[in-house]
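One structure is given below, encoded as structure tokens.
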Amino acid sequence: MPEKQHSWFARLSGGLRRALRARSAGKPKADLSDRGLLVFAHTGEVIQAERLLREAGFAVEVKGPPPQLRTGCDMVVVFPLLSQAAVLERLRQSGITPEQVVSAHDVLLEPVSLFQTRRLDRWLMVRAANMKITIDTTDERIVNISGGGCPDVPWLAQSLCGLRLSEAPEPLSLGRTLCCYSLQKAFEELRRQRACG
């Protein structure tokens, strides 16, 4: 390992060891957080980074960026901060470079939920980014798919509307656009909410 990389890695490892020792000694963790945020310029990079990191076994989530980190892309990847070196190395190997990597140590840098949920009588709508999916809660049939600006939105609506949530194919099995990705996130959140009652 080159001297410069070894020195950087040694400092990082030492800092992590000190933080873990302080935490295990019962000291308050002060401003430390266990999450970091990867900020990208384009949503496509978020989608790619999430897929690569999940395949590599990292526990990552996609959330909305805090106001201070908005770059035009309305999503950030939240990752375990103790895995930062490994996460960045995995992304580097795939040619993906985040614009920023920050610690979510401050409540002002708290990522926001990617989802908005609305209930009106028997209908339940979940929105992720700019895509919305609505079901009739009496029989769990998908009654509406809307939003986005991708050319496949009408195809997605035609393919999914009228099907029960439990029978419907996942949106990403039908396409690969940004709208499809956002709809997939809303679809997963709707299933999660219905499973929880």
Note: with side-chain heavy atoms under 4.5 Å as the link, the other cluster members for Trp123 come out as Val143
Notebook entry, point to check: Applying the 4.5 Å side-chain criterion to the ILVMFWY set and letting contacts propagate, would Met131 and Met125 be lumped into a single cluster?
Noted result: no
Scanning both residues in full, the closest heavy-atom pair of Ala128 with Ser182 reads CB-O, 3.4 Å
Of all heavy-atom pairs linking Val77 and Phe40, the shortest is CG2-CE1, 4.1 Å
Hits for side chain to side chain donor-acceptor pair (under 3.5 Å) against Thr137, two or more places apart or cross-chain, chain-then-number order -> Arg119
side-chain contact (heavy atoms from CB on, under 4.5 Å) filter on Arg92, not counting sequence neighbours, yields Glu89
By side chain to side chain donor-acceptor pair (under 3.5 Å), Glu50 pairs with (sequence neighbours left out) Arg54, Tyr181, Lys185
Correct closest heavy-atom pair for Leu88 and Pro98 would be CD2-CG, 4.1 Å
In this structure, OG of Ser146 is separated from CD1 of Ile133 (nearest 0.5 Å) by 10.0 Å
Applying salt bridge (charged side-chain N to carboxylate O under 4.0 Å, His left out) to Arg51 and not counting sequence neighbours gives Glu55
Sorted by chain and number, sequence neighbours left out, side-chain contact (heavy atoms from CB on, under 4.5 Å) with Ser94 holds for Leu52, Arg90, Ile96
By side chain to side chain donor-acceptor pair (under 3.5 Å), Lys132 pairs with (sequence neighbours left out) none
Residues at least two apart in sequence or cross-chain that pass side-chain contact (heavy atoms from CB on, under 4.5 Å) with Ala86, listed by chain then number, are Phe58
Residues at least two apart in sequence or cross-chain that pass side chain to side chain donor-acceptor pair (under 3.5 Å) with Asn130, listed by chain then number, are none
Does this structure show an ion pair linking Arg122 with Asp136, if we count only N-O contacts that are shorter than 4.0 Å? yes
Scanning both residues in full, the closest heavy-atom pair of Ala59 with Pro80 reads O-CD, 3.3 Å
So CG of Leu124 and OG1 of Thr134: to nearest 0.5 Å the spacing works out to 8.0 Å
Here the pair of heavy atoms bringing Met75 nearest to Val62 is SD-CG1, 3.5 Å
Show me, pair by pair, the donor-acceptor contacts under 3.5 angstrom made by side chains of residues 148-172, not counting sequence neighbours?
from: Asp152; atom 1: OD1; to: Thr177; atom 2: OG1; distance (Å): 3.2
from: Asp152; atom 1: OD2; to: Thr177; atom 2: OG1; distance (Å): 2.9
from: Ser159; atom 1: OG; to: Trp155; atom 2: O; distance (Å): 2.8
from: Arg164; atom 1: NE; to: Asp139; atom 2: O; distance (Å): 3.2
from: Glu170; atom 1: OE1; to: Gln184; atom 2: NE2; distance (Å): 2.9

